[in-house]
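Working notes, structure below.
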Amino acid sequence: MMLDNGKVNDTQVIPPDWIADTIQANDDVIAAYEKSAYAEVFEGFHYRNQVWVKDREKGAFYGIGVYGQLLYVNQKANVVMVKLSSQPDVQNTPMYLDSMVAMKGIAETLSK
């Protein structure tokens, strides 16, 4: 659904404007994120509507869960990846960052 701007088959489940607002955000949202402590850890991202956006142009973003769970969507590459996990710690930032780099690399390779 997030890959297809809120559509499931031919049914619009979420308004496309909500998806666009999430991915593109606005200057105020981006400025607020850049002032947050998260900006030091997830550099180059912005956060909007429970979504961690890495690349607005590609529509590349993450959903971060607990215990290592991770969702990655890259609209331009037409890729969705899900990492199911049961890591021993609720949050392991280095593991998340490594997984994000791997997912981005896979998407870029598949889109060539």
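The analysis underlying the following values was restricted to heavy atoms, covering all of them including side chains, and did not include hydrogens, waters or symmetry mates.
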Discussion item. Holding to side chain to side chain contact (heavy atoms under 4.5 Å, CB included), I want the full list of residues that pass it with Asp10, two or more places apart in sequence or in another chain.
Written reply: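 Once residues adjacent in sequence are excluded, Asp10 has no partner under the side chain to side chain contact (heavy atoms under 4.5 Å, CB included) criterion.
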Worksheet item: Looking at residues at least two apart in the chain, or sitting in another chain, which of them share a side chain to side chain contact (heavy atoms under 4.5 Å, CB included) with Asp21?
Response: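 So Asp21 forms a side chain to side chain contact (heavy atoms under 4.5 Å, CB included) with Arg48, Asn49.
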So Ile64 and Met100, side chain to side chain contact (heavy atoms under 4.5 Å, CB included) or not? Walk me through it. CA-CA 10 Å; Ile64 301 175; Met100 289 172 167; 3.5 Å; yes
Spacing of [X] atom [atom1] and [Y] atom [atom2] [to the nearest 0.5 Å]:
X: Tyr67; Y: Leu84; atom1: OH; atom2: CG; answer: 15.5 Å
X: Ser85; Y: Gln69; atom1: OG; atom2: CD; answer: 7.0 Å
X: Ser111; Y: Ile106; atom1: OG; atom2: CD1; answer: 12.0 Å
X: Ile14; Y: Lys7; atom1: CD1; atom2: NZ; answer: 13.5 Å

Going by heavy atoms in the side chains, are [X] and [Y] under 4.5 Å from each other?
X: Leu70; Y: Tyr96; answer: yes
X: Gln24; Y: His46; answer: no
X: Val29; Y: Tyr47; answer: no

Which heavy-atom pair separates [X] from [Y] by the least distance, and what is that distance?
X: Ala25; Y: Ile30; result: CB-CG1, 4.2 Å
X: Val82; Y: Met103; result: C-CE, 4.3 Å
X: Asn74; Y: Ala107; result: ND2-CB, 4.1 Å
X: Asn92; Y: Asp89; result: ND2-OD2, 4.4 Å

Do [X] and [Y] share a hydrophobic cluster (ILVMFWY, side-chain heavy atoms under 4.5 Å, transitive)?
X: Leu71; Y: Ile19; answer: yes
X: Val53; Y: Tyr38; answer: no
X: Val80; Y: Val13; answer: yes

| message | For Tyr72 and Tyr62, I'd like to know if the aromatic rings sit close, meaning centre-to-centre distance below 6.0 Å. | response |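 Judged by ring-centre distance (under 6.0 Å), Tyr72 and Tyr62 do meet the cut-off.
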| query | Would a line drawn from the ring center of Phe61 to the ring center of Trp52 be shorter than 6.0 Å? | reply |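 Between Trp52 and Phe61, which both carry aromatic rings, the centre distance is not below 6.0 Å.
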Is it the case that atom CG in Asn9 sees more than 12 heavy atoms from other parts of the structure closer than 6.0 Å?
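No, the 6.0 Å shell around CG holds no more than 12 heavy atoms from other groups.
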Glu108 vs Lys112, test: salt bridge (Lys or Arg N to Asp or Glu O under 4.0 Å). Steps then yes/no.
CA-CA 7 Å; Glu108 288 176 354; Lys112 289 182 180 178; over 6 Å; no
**Message:** Regarding Thr93 and Gln91, do their side chains bring together a donor and an acceptor under 3.5 Å, going by distance alone?
**Reply:**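 Indeed, the side chains of Thr93 and Gln91 share at least one donor-acceptor pair under 3.5 Å.
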Quick one about Gln75 and Asn5 (side-chain donor to acceptor, distance below 3.5 Å, no hydrogens or angles considered), yes or no?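 Note: Asn5 and Gln75 side chains meet the donor-acceptor criterion.
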Step by step, would you call Gln87 with Met95 a side chain to side chain contact (heavy atoms under 4.5 Å, CB included)? CA-CA 10 Å; Gln87 299 291 324; Met95 185 272 312; 4.0 Å; yes
